[in-house]
**Student:** 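The structure is given below, and queries will be raised subsequently.
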Amino acid sequence: MKVTEEDVNYVADLANLDLTGEERIGMLRDLNSILDYIDRLNELDTSNVPPMAQVSDKYGVDQAKQGSDRFAYASREDIVEGLRKSLPHEEALANAPDADEHFFRVPKVIER
Amino acid sequence: MDLTSLTIDAARTAVQERKATALALVEDHYARIQKEDGQIGAFLTLSKERALEQADRIDRMAAEGKPLPPLGGVPVGIKDVMSTRGVRTTAGSKILEKYIPPYDCTAVARLEAAGAVVLGKMNCDEFAMGSSNENSAYHPVRNPRDLSRVPGGSSGGSAAAVAAGMAVVTLGSDTGGSIRQPASFCGEVGLMPTYGRVSRYGLIAFASSLDHIGPLAKTVKDAAIVLRAIAGRDPMDATSAEVPVPDYIAELEKPVRGMKLGVAKEYFGEGLDEEVRLAVESAIEKLKVLGCEIVPVSLPHTPYAIPTYYLIATAEASSNLARYDGVRYGHRAKGVKTLSEMYRRSRDEGFGAEVKRRIMLGTYALSAGYYDAYYLKAQKVRTLLARDFEQAFQKVDVIVTPTSPTAAFRLGEKSNNPLAMYLADIYTVTADLAGIPGISIPCGQTKEKLPIGLQILGKHFDEATILRVANAYEKAS
């Protein structure tokens with residue numbers, strides 16, 4: 001067992017999930033079974049292999065350039081209405097579960 | 001004329017030549033949906049108003065004798081992970097049950113600009129997480145070829161709609177096989193373009209380094225027409241590549257004689273169904289007869305693809321799905337007293353079991369003490385998988401494999417075993433990880449009349465070649 005009950009509680013906390021008691025038991029079983037399978041990655045020696053986070057830096061970019069300069073085509077002036085108009089205020093609030101005419105409303109954050 | 005069995009060109013030509021109206025095409029497809037979809041479950045939302053407006057625009061163009069754009073009047077469906085302005089977009093999740101996007105996904109906007117008529121939004125696994133469409137928070141989708149079986153996933157609704165004649169073509173998304181595997185299960189064409197070929201602006205994010213948008217279609221040419229319409233750099237998506245888009249349709253008919261086809265033994269090993277193996281081998285034989293040269297290649301890290309994928313995809317998902325907090329949109333739990341309780345209860349009530357499982361796995365893989373052992377390790381193995389393809393593609397033009405180890409399985413068959421479900425993606429996740437394009441085309445059926453898929457993988461940004469090989473096979477079969 002790699003993952004313990006405490007791990008499940010800790011990770012659920014990080015992920016902002018409560019989970020019922022039953023869900024926690026299922027999670028313990030499933031995570032252990034999946035991680036057992038994932039363990040086969042340790043058969044590979046990767047000590048000299050660089051990590052790959054994405055493929056965008058290899059294709060369609062200027063290979064002669066380095067770092068973020070490679071993505072020069074993807075940058076633009078930092079102006080408020082650069083690519084499209086911002087959403088009107090009421091449209092941005094339209095999907096909110098709770099809002100007044102100006103702001104998203106949430107339960108009180110600071111206890112006093 | 002049966003308007004629900006047409007290809008893109010046939011539908012567009014019929015409207016252009018005034019043999020049918022775009023309105024009649026829309027109405028016939030809605031009639032078919034009305035008749036068939038009760039038992040299939042492919043649609044989550046119909047966008048009738050939007051469809052009728054667009055059909056009217058196209059009909060007026062045709063009446064004025066103006067040349068119609070490539071998809072003029074063609075009824076399409078959009079997987080419900082792509083935002084549609086004013087049309088509910090749920091991602092197959094209860095957490096977005098009432099979400100009405102204020103803007104359009106670029107791929108959808110481009111398809112409509114090319115004349116397509118959006119009929120509605122297609123059912124899918126919640127947040128595109130699944131291989132059977134059983135993880136939809138609304139209802140499962142059934143395979144039109146055999147209603148006791150799954151259509152595949154996660155783009156199950158997109159695949160089923162095309163197979164049942166409820167849309168001429170649909171858009172799906174592919175993160176680990178979610179276009180190609182359902183296309184294979186439903187007996188049609190499914191194309192995942194190269195990473196960066198099609199903008200993801202407006203696509204609800206699952207795993208950002210792996211998500212792709214692409215078509216599910218009746219023919220290879222239809223897939224080529226849709227790709228041509230949606231491909232190309234979009235300033236709204238920094239990951240969309242500045243690479244010219246070729247005329248895929250013109251490339252389709254070029255000969256395949258002399259082309260080198262790689263066959264990797266790692267895709268024909270344990271777990272591959274015997275009937276699927278025979279069908280794929282016979283398809284390879286046919287391509288040989290068409291003049292292709294068969295070249296054995298090795299992709300030795302293939303057995304490590306699934307564990308790599310399920311670490312990277314879940315890690316990225318755990319981060320992407322953190323945005324569902326019940327503040328700006330989406331479900332908010334009632335009767336909560338604190339902000340923290342609101343986050344937790346809203347997410348608990350809004351997410352389904354598989355989504356929670358993946359958020360937990362991804363959060364675990366990224367957490368202090370495990371990051372190096374899991375997430376970083378997976379990123380390194382991803383390099384090895386990408387290198388496998390780089391080396392193989394020095395020798396060959398395309399690589400042919402089965403799309404899925406089996407034909408469509410039964411509903412419920414794997415739903416209690418997450419790991420067994422994950423293994424349904426064993427031949428498709430590699431292309432997502434390497435960022436290369438792949439297409440699945442029908443290559444026969446099992447004794448039980450279930451479709452089998454042939455997968456053709458290509459070099460980065462070389463969709464033209466996989467489409468050409470696919471087209472040659474389709475024409476010959």
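Here the structure is a predicted model, which means the values were calculated and not measured. Convention: sequence-line order gives letters A, B, ...; per-chain numbering from 1. For the numbers below, each heavy atom of this structure counts, side chains included, while hydrogens, waters and symmetry mates do not.
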**Student:** Distance from I38(A) atom CD1 to T314(B) atom OG1, nearest 0.5 Å?
**Tutor:** 6.5 Å
**Student:** Which bit of L44(A) comes within less than 4.5 Å of chain B, counting heavy atoms only: side chain, backbone, both or neither?
**Tutor:** both
**Student:** Which heavy atom of P107(A) sits nearest to which heavy atom of K337(B), and what is that distance?
**Tutor:** CB-O, 3.6 Å
**Student:** Does the side-chain contact (heavy atoms from CB on, under 4.5 Å) test come out yes or no for V8(A) and Y364(B), once each step is laid out?
**Tutor:** CA-CA 9 Å; V8(A) 169; Y364(B) 180 78; over 6 Å; no
**Student:** If you count every heavy atom of other residues, nucleotides or ligands that lies below 6.0 Å from E341(B) atom CD, does the total exceed 12?
**Tutor:** yes
**Student:** Between chain A and each of A365(B), A322(B), G196(B), P303(B), count heavy-atom pairs under 4.5 Å; write down the option with the most.
**Tutor:** P303(B)
**Student:** With a 4.5 angstrom heavy-atom cut-off, which part of I436(B) approaches chain A: side chain, backbone, both or neither?
**Tutor:** neither
**Student:** Select one option (side chain, backbone, both, neither) describing which atoms of L19(A) are under 4.5 Å from chain B's heavy atoms.
**Tutor:** both
**Student:** Under a 4.5 Å heavy-atom cutoff, which of L35(A), D98(A), L93(A) has the most pairs with chain B?
**Tutor:** L35(A)
**Student:** Under a 4.5 Å heavy-atom cut-off, does chain B meet the side chain of D7(A), its backbone, both or neither?
**Tutor:** side chain
**Student:** May I ask you to say whether R347(B) pairs ionically with D18(A), meaning some side-chain N is under 4.0 Å from a carboxylate O?
**Tutor:** no
**Student:** Would you give the length of the straight line joining atom CD1 of I34(A) to atom OH of Y422(B), rounded to the nearest 0.5 angstrom?
**Tutor:** 4.0 Å
**Student:** Against chain A, label R85(B) side chain, backbone, both or neither, depending on which of its atoms sit under 4.5 Å from a heavy atom there.
**Tutor:** side chain
**Student:** For chain A, which candidate among I359(B), V381(B), T308(B), V327(B) shows the most heavy-atom pairs at distances under 4.5 Å?
**Tutor:** V327(B)
**Student:** Please identify, among M342(B), E316(B), H301(B), K356(B), the residue contributing the most non-hydrogen atom pairs under 4.5 Å to chain A.
**Tutor:** K356(B)
**Student:** Using a 4.5 angstrom heavy-atom cutoff, name the option from Y329(B), Y99(B), Y304(B), F351(B) with the most pairs to chain A.
**Tutor:** Y304(B)
**Student:** If you apply the rule side-chain contact (heavy atoms from CB on, under 4.5 Å), what do you find for S367(B) with L14(A), and how did you get there?
**Tutor:** CA-CA 9 Å; S367(B) 65; L14(A) 289 176; 4.0 Å; yes
**Student:** M27(A) and M360(B): which non-hydrogen atoms are nearest, and at how many Å?
**Tutor:** CE-CG, 3.7 Å
**Student:** Once rounded to the nearest 0.5 Å, what's the spacing between atom OH of Y343(B) and atom CG of N16(A)?
**Tutor:** 7.5 Å
**Student:** Could you check whether any side-chain N or O of N95(A) sits under 3.5 Å from a backbone N or O of R328(B), counting only pairs where one atom can act as donor and the other as acceptor?
**Tutor:** no
**Student:** Which heavy atom of P307(B) sits nearest a heavy atom of Y37(A), and at what distance?
**Tutor:** CD-CE2, 3.6 Å
**Student:** Select, from L311(B), L210(B), L433(B), the one with the greatest count of heavy-atom pairs under 4.5 Å involving chain A.
**Tutor:** L311(B)
**Student:** Classify the side-chain pair K377(B)/T46(A) by whether it contains a donor and acceptor separated by less than 3.5 Å.
**Tutor:** yes
**Student:** For E43(A), look at atom CD and say whether over 12 heavy atoms of other residues, nucleotides or ligands are found less than 6.0 Å away.
**Tutor:** yes
**Student:** Testing the 3.5 Å rule here: is there a donor-acceptor pair between the side chains of E91(A) and Y103(B)?
**Tutor:** no
**Student:** State, to 0.1 Å, how close P97(A) and G326(B) come at their nearest heavy-atom pair, and which atoms those are.
**Tutor:** CG-O, 3.4 Å
**Student:** Is chain A contacted by the side chain of L361(B), its backbone, both, or neither, given a heavy-atom distance below 4.5 Å?
**Tutor:** both
**Student:** Non-hydrogen atoms of chain B under 4.5 Å away: do they reach the side chain of D30(A), the backbone, both or neither?
**Tutor:** side chain
**Student:** What part of P418(B) is in contact with chain A, defined as an atom under 4.5 angstrom from a non-hydrogen atom: side chain, backbone, both or neither?
**Tutor:** side chain
**Student:** Given a strict heavy-atom distance threshold of 4.5 Å, which part of S240(B) is in contact with chain A: side chain, backbone, both, or neither?
**Tutor:** backbone
**Student:** Given the options N417(B), L384(B), T194(B), I312(B), which has more heavy-atom pairs under 4.5 Å with chain A than any of the others?
**Tutor:** L384(B)
**Student:** Measure T383(B) against the heavy atoms of chain A and call it side chain, backbone, both or neither at under 4.5 Å.
**Tutor:** both
